[in-house]
There are 2 protein chains.
Amino acid sequence: MIKALIFDVFGTLVDWRGSIAAELEPRLGDRAAPFADAWRQRYQPAMEDVRSGRRPFTPLDTLHRENLLATMDDFDLTLSKSEIDDLNLVWHRLNGWPDTKAGLAQLSERFLLAPHSNGNVRLLIDLARHNGWHWDAILGAETTGFYKPRPESYQRAAELLMLELGEVMMVAAHNDDLAAARACGLATAFIPRPTEHGEGQTIDLLPTADWEFVAPSLTELAATL
Amino acid sequence: MIKALIFDVFGTLVDWRGSIAAELEPRLGDRAAPFADAWRQRYQPAMEDVRSGRRPFTPLDTLHRENLLATMDDFDLTLSKSEIDDLNLVWHRLNGWPDTKAGLAQLSERFLLAPHSNGNVRLLIDLARHNGWHWDAILGAETTGFYKPRPESYQRAAELLMLELGEVMMVAAHNDDLAAARACGLATAFIPRPTEHGEGQTIDLLPTADWEFVAPSLTELAATL
């Protein structure tokens, strides 16, 4: 019955915090992971301006850059324009969790696969090249014109895949993403990523609803399906 | 300087006429190829209604189905609804030219690759699965919201790839597609397909302008680049 899997990316497929902290560590030392957290903390509010209609659709790279400048202010970090441009693209070269590449390859044998991320198309292309993933298509905010968790985002993804909503399964490490997908009629799979936010993580450690599938990794999800 | 190649699909990558005629041959015999031609002849006029703004954006599968019903009338062909639905999806299972799969694999080592077709997203996904191609993203009419040769179609493709127009090369077997791409500032490569329209083909046998590259196959284009 399920014919396509669509994936959250930041946190679910890649370790954004660890990847960004590793890149900033030579420059920031102990402040590298807090910098990554602070940068990411500005992510939802920036998208909320678009979701609410206060701001026209703006690709995530642009929002990331604005948030980066604000975070640099907070951390008294000074960089040249080319250093800023380069650092902003760290989101294009995040590293996958250890199971991601093999899990996607296994799932691809039986299902259509697409990222359904708030990242822009080129960001998702670059992550796939960096990590050796193969997608059937790039879906997500820039393709659908809507940031998750707006319902139009999930509905439009199913429409582009020419599938009924119930034939599409959202795979995510975040309960709120799955709740929004389920409200639209999609199937749901929860893959907890207990160190997405570092050792002291308190959210999204456990499923908060009876998602259709819960698995500790994509390879175990593939085995279950 | 060229960082991405975007491809016309019908005619350039796949033999639509031969594939459709082969599928219809048991039912239509000698009339199978003429039926494919007649169905295809309704393609440009149907898109023109959308390009001109007389009709809102409509995915190609829908236009193909309307054109199929009209062509069936012309050929006095009667089919059940499920036979019509199935035949309309023949465009999702067209066969690539002999060089397409190997050529795309070679080109993928050095360039980002995406189809830039008037086919809808799911059609292009299915063609890739059917023929064993790997794309970085699915571009084209349904992703950009514009049918070729509208300039917005090419411009939006480059924008989604985060590239300058001159960093993107349009690859096509059709001089008019390349002319429209060049007018937008894209680079151009012509791959003649002298039997796209059958043995008596008279158009697009030769380049009609000094396209940046001309090659008899995708594998030879890969060797040249």
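Predicted model only: the values in this text are computed from it and were never measured.
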If you measure from [atom1] on [X] to [atom2] on [Y], what distance do you get to the nearest 0.5 Å?
X	Y	atom1	atom2	result
Asp126(B)	Asp136(A)	CG	CG	8.5 Å
His92(B)	Met162(A)	NE2	CE	5.0 Å
Thr143(B)	Ile138(A)	OG1	CD1	10.5 Å

Please say whether more than 12 non-hydrogen atoms of neighbouring residues, nucleotides or ligands are located less than 6.0 Å from [atom1] in [X].
X	atom1	value
Glu164(A)	CD	no
Glu48(B)	CD	yes
Gln41(B)	CD	no

Practice problem: Can you see which heavy atom on Leu161(B) is nearest to which on Arg122(A), and at what distance? | Solution: O-NH1, 2.7 Å
Quiz prompt | Minimum heavy-atom distance Leu160(B)-Glu142(A), with the two atoms named | solution = CD2-CD, 3.4 Å
Given that the side chain runs from C-beta out, which part of [X] has a heavy atom under 4.5 Å from chain B: side chain, backbone, both or neither?
X	answer
Leu112(A)	both
Ala137(A)	both
Asn120(A)	side chain

Self-check item: Contact winner vs chain B - Ala128(A), Gly145(A), Ser108(A), Ala114(A), heavy-atom pairs under 4.5 Å
Solution: Ser108(A)
